Number of protein chains: 2
Amino acid sequence: MQDHAGHTHPHDHNGLLTQLAQAGYRMTPQRAMIVDAIENSHNHISAEEIYSSVVTRYPHVNISTVYRTLDLLKAKGLVTETDLGNGRVSYHPTSKGHHHHLVCHECQAIIDLEESVFIELKSKLKNQYGFMADIEHLAIFGHCSKCIS
Amino acid sequence: MQDHAGHTHPHDHNGLLTQLAQAGYRMTPQRAMIVDAIENSHNHISAEEIYSSVVTRYPHVNISTVYRTLDLLKAKGLVTETDLGNGRVSYHPTSKGHHHHLVCHECQAIIDLEESVFIELKSKLKNQYGFMADIEHLAIFGHCSKCIS
DNA sequence: AGAATTATTGCAACAAGTTGCAATTAATAA
DNA sequence: TTATTAATTGCAACTTGTTGCAATAATTCT
Ligand SMILES: [Mn+2]
Ligand SMILES: [Mn+2]
Ligand SMILES: [Zn+2]
Ligand SMILES: [Zn+2]
């Protein structure tokens, strides 16, 4: 589980499991598979989707373990959460970069936003209210250009 | 239930129930009491709190009626919803004016924000993405000035 | 390797909110 | 005033997510 002689493999970005282990948490097959599902998902992934992916290889797993692992990863800042308004909360590895989303109420389109869009708002809140806004992975709802016309 | 000769009483701001009735919805004792609880609340109010208030006078009422009435009032734009992160969604009559909130993750303080704070962001989203953001009663989480120092 | 320690898990019960459906009842017509 | 009709309600079952607790198992110690 540890790199030999301190060198890293190509494409080794220190996986979530390794980072948990380095932070003193135990390495369990459940966690390995949950983290694997998150890392191998190219889009947003929900707790149910993670569970579905894990349960095929490990039928004994319980969905509360998925939620608890997500809580842990969130607390360690290794994944970010966002509610895209579809009834299930979505997750991302933080390593995939900070960004946000616009969600169309009419056609359910999801538009990606650069983090920079909120810099102005954040500094306004800091200057006017002394408030450090914790805007990490936000979804803003409304109507997209297609649905307005 | 209807104003005589078109004149309105002093302090009559056309209550939520009247507005529902004018929109063709039926006037039921449940709705009257639910709407009453919302209008007589000086702060944010949750579905459970509305239910608690109604059930003392009308023990037969079911909480799903509260949720359905809230859905109706939301759809008609008569109340706005916001998730202040305390496990229960909060409601306001729209007539109390548009505003937003900053919520401190450390001390749970809730700071009120003028609507104008988001004008800049909204026009940016409209100009750059053609997106009409539907920001009505938003809660932004983070750390307040007291907790930062 | 085997025992001790304690983090982690599965389970079951719970909380907030939603939904299909049959019974009720407000509004309307007769 | 009574009958008609369709909106509304209560109820029960369900969904997503959370939590206390006893059993399990990863890690550490001997
Ligand atoms: Mn995202
Ligand atoms: Mn408010
Ligand atoms: Zn759209
Ligand atoms: Zn604070």
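Computed from a predicted structure; not experimentally measured. Labels below follow one simple rule: chain letters A, B, ... track the order of the sequence lines, proteins then strands, and each chain is numbered from 1. Just so it is clear, the values below take in all heavy atoms, side chains as well, and ignore hydrogens, waters and symmetry mates.
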Review point. Looking at A:Gln30, does any N or O in its side chain come under 4.0 Å of the phosphate oxygens OP1/OP2 on C:dG10?
Key: yes
Exercise for review: Could you check how far CD of A:Glu48 sits from P of D:dG17, rounded to whole Å?
Suggested key: 8 Å
Point to revise | A:Lys76 NZ - C:dA7 C1' separation (whole Å) | key: 14 Å
Check your understanding: Side-chain donor or acceptor of A:Arg88 under 3.5 Å from a matching atom on the base of C:dG17?
Key -> no
Review point. Does the side chain of A:Val54 reach to within under 4.5 Å of the side chain of A:Val66, using non-hydrogen atoms?
Key: no
Practice item. Would you kindly give the CG-to-C1' distance between A:Asn62 and C:dT8, to the nearest whole Å? Key: 12 Å
Revision key, fill the gap. OG1 of B:Thr28 to CG of B:Leu20, rounded to nearest 0.5 Å, is 9.5 Å
Practice item. Nearest whole angstrom, please: distance from the P of C:dA16 to the CZ of B:Arg68. Key: 18 Å
Exercise for review: Flag the pair B:Gln19 / B:Leu73 as yes when at least one side-chain heavy-atom distance between them is below 4.5 Å, and no otherwise.
Suggested key: no
Exercise for review: Would you kindly give the CG-to-C1' distance between A:Leu70 and D:dG17, to the nearest whole Å?
Suggested key: 11 Å
**Study point:** Separation of D:dT16 C1' from A:Ile45 CD1 (nearest whole Å)
**Key:** 16 Å
Practice item. Nearest whole angstrom, please: distance from the P of C:dT8 to the CG of A:Leu73. Key: 12 Å
Exercise for review: Could you tell me whether the side chain of B:Arg26 has a donor or acceptor atom within less than 3.5 Å of a complementary atom in the base of D:dA7?
Suggested key: yes
Check your understanding: When you check the side-chain N and O atoms of A:His92 and A:His44, is any donor under 3.5 Å from an acceptor?
Key -> yes
Exercise for review: Answer yes or no: does a side-chain N or O of A:Arg31 lie under 4.0 Å from OP1 or OP2 of C:dT8?
Suggested key: yes
Check your understanding: Do the two ring centres, one from B:His137 and one from B:His99, sit under 6.0 Å apart?
Key -> yes
Point to revise | Under 4.0 angstrom between B:Tyr67 side-chain N/O and C:dT18 OP1 or OP2 | key: no
Check your understanding: Between B:Asp71 and B:Tyr58, who's closer to the 5' end of DNA chain C by nearest nucleotide?
Key -> B:Asp71
Point to revise | Separation of D:dT9 C1' from B:Met27 CE (nearest whole Å) | key: 17 Å
**Study point:** 5′-ward residue of the pair B:Thr28/B:Ser64 relative to DNA chain C
**Key:** B:Ser64
